[in-house]
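Working notes, structure below.
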2 protein chains.
Amino acid sequence: MPNIPTIRLLLVDDHPVLRAGLANVLNYEPGITVVAEADDGASAIALWRRLRPDVMLLDLSMAGMDGIETLERLRAEFPDARVLMLTSSEAPEDVRHALKAGAGGYVTKNVRRAELVAAIREVCAGARVIGESVARQLAAGEESGAVSRRELEVLGLVRQGFTNADIGRLLGISERTAKAHVGALLCKLQAADRAEAVARGFERGLLKV
Amino acid sequence: MPNIPTIRLLLVDDHPVLRAGLANVLNYEPGITVVAEADDGASAIALWRRLRPDVMLLDLSMAGMDGIETLERLRAEFPDARVLMLTSSEAPEDVRHALKAGAGGYVTKNVRRAELVAAIREVCAGARVIGESVARQLAAGEESGAVSRRELEVLGLVRQGFTNADIGRLLGISERTAKAHVGALLCKLQAADRAEAVARGFERGLLKV
DNA sequence: GGGTCTATTGGCCGATCGGACAATAGCGCG
DNA sequence: CGCGCTATTGTCCGATCGGCCAATAGACCC
């Protein structure tokens with residue numbers, strides 16, 4: 001076994017209890033050191049600048065700047081930064097966004113310790129790791145067509161109770177076009193009506209509470 | 001200072017990492033001992049039977065039996081059981097359900113360590129504790145009328161894309177009555193149509209992803 | 001005992017929806 | 001340079017929705 005350098009890890013999560021616990025668990029792991037903790041995106045990036053750790057363990061849901069935004073900004077400044085997302089959400093959209101934003105890996109918080117440690121090491125080595133339960137969800141989502149940006153915009157308005165005519169006015173298009181987008185949504189989300197479309201939107205993570 | 005007996009605590013959460021960390025943190029706290037951990041409701045209750053701890057720290061969202069159901073079953077068997085809910089959700093409905101099911105307290109996972117420990121002690125002492133951020137959410141929800149059981153049932157069907165006629169058939173009532181329930185939902189949730197009602201349902205925690 | 005709330009039902013009607021038909025323009029990919 | 005996808009718009013139509021009127025019965029609280 002060659003002498004593997006210790007992995008220096010930056011822990012970012014807005015749950016103090018989880019953070020403390022996690023730091024403790026990880027520091028026990030030989031070859032991993034938690035060099036700092038942050039509870040929001042801004043301080044996470046500031047700490048990265050200062051400490052240049054090997055990897056960031058990043059939560060998706062945080063107050064202020066969320067996980068994705070943090071990830072994007074970090075990668076804009078440090079394109080080689082390795083980041084492992086550690087989150088509660090298995091929503092396909094969240095996973096897709098995270099990976100597109102440059103995440104090196106994505107695991108949910110119910111992973112076992114060994115898996116988490118393995119994932120951290122793999123991400124540091126430059127690999128792409130995705131938790132298996134996450135991967136399953138992702139595969140399920142891929143089956144039916146992807147929702148386009150415009151459709152997502154329309155879904156957001158449907159959610160707010162706007163009629164097709166309203167949506168047309170708000171987006172500067174005809175009612176008929178709005179109708180077409182809603183129709184596409186119903187099809188892609190396999191919904192019978194707009195109410196079910198909204199429900200599916202939440203289920204898939206297209207819409208957030 | 002009189003000799004206060006050590007609080008024996010049962011930790012229930014389906015996130016192994018959080019559990020390990022939390023156990024560590026709490027065991028550090030003088031006067032608190034984590035006597036066991038469980039990752040689902042059934043084993044939580046079994047452990048309670050065997051160990052008779054002083055308090056349970058219980059997560060809301062778990063695979064299989066969820067937190068509320070676990071709480072209900074536990075309280076049915078041990079009406080005096082002290083349970084502190086520790087969860088990510090601030091949804092008023094979740095809080096209401098938990099308190100109605102006999103929870104002694106309700107705090108979110110982003111509490112600081114000191115607050116958590118204080119909450120544990122208070123619950124053990126028989127008090128009702130509610131995190132302040134939680135309390136705020138709860139107060140906001142109280143403003144508009146409460147949704148009845150029947151209406152909630154209807155909302156669940158609306159979510160699935162059923163028409164009023166469908167709902168009537170499914171519930172063994174007339175279409176007109178289903179319509180009345182939907183109308184009541186629109187009013188209470190301040191929604192313009194069923195799509196918005198579904199959205200509000202998710203926002204309020206009436207509906208789960 | 002009276003008031004409040006929920007669940008139930010009826011009819012009427014204009015507004016809205018969702019499906020089916022069909023068509024044009026722009027964009028990225030190979 | 002076609003091929004496919006997205007965005008756009010149109011018309012017609014039956015189904016559905018949501019608001020309006022009003023009414024009865026049971027449960028629960030003060």
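Residue numbering restarts at 1 for every chain, and letters A, B, ... go by the order of the sequence lines. Given the structure is predicted, the values throughout are model-derived calculations rather than measurements.
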Look at the side-chain N and O atoms of [X] and state whether any lies under 4.0 Å from the OP1 or OP2 oxygen of [N].
{"X": "Ser148(B)", "N": "dA7(C)", "result": "yes"}
{"X": "Lys188(B)", "N": "dT6(C)", "result": "yes"}
{"X": "Thr177(A)", "N": "dA7(D)", "result": "no"}

In this structure, how many angstroms lie between the [atom2] atom of [N] and the [atom1] atom of [X], rounded?
{"X": "Arg149(A)", "N": "dC5(D)", "atom1": "CZ", "atom2": "P", "answer": "17 Å"}
{"X": "Arg150(A)", "N": "dG26(C)", "atom1": "CZ", "atom2": "P", "answer": "16 Å"}
{"X": "Ile167(A)", "N": "dC17(C)", "atom1": "CD1", "atom2": "C1'", "answer": "12 Å"}
{"X": "Leu171(A)", "N": "dT6(D)", "atom1": "CG", "atom2": "P", "answer": "17 Å"}
{"X": "His181(B)", "N": "dC5(C)", "atom1": "NE2", "atom2": "P", "answer": "17 Å"}

Considering only heavy atoms from C-beta outward, does the side chain of Val123(B) approach that of Val129(B) to under 4.5 Å?
yes
Can you check whether Arg159(A) reaches Glu196(B) side chain to side chain, under 4.5 Å on heavy atoms?
no
At under 4.0 Å between heavy atoms, which parts of nucleotides 15-30 of chain D does protein reach? Answer with one letter per nucleotide, 5' to 3': B base, S sugar-phosphate only, - none.
-SSBBB----------
Sidechain-backbone polar pair: Arg8(B) side chain, Leu51(B) backbone, donor-acceptor under 3.5 Å:
yes
Checking all strands, does Ser174(B) fall into the base, sugar-phosphate, or nothing category for heavy-atom contacts under 4.0 angstrom?
sugar-phosphate
Which is true for Ala180(B) with a 4.0 Å heavy-atom rule: it touches a base, it touches only sugar-phosphate, or it touches nothing?
base
Between Glu77(A) and Arg49(A), is there a salt bridge with N-O shorter than 4.0 Å?
yes
In terms of side-chain geometry, is the basic nitrogen of Arg128(A) or Glu122(A) positioned less than 4.0 Å from the acidic oxygen of its partner?
no
Salt bridge (charged side-chain N to carboxylate O under 4.0 Å, His left out) pairs touching residues 50-61 of chain B, sequence neighbours excluded, are Asp59(B)-Lys109(B)
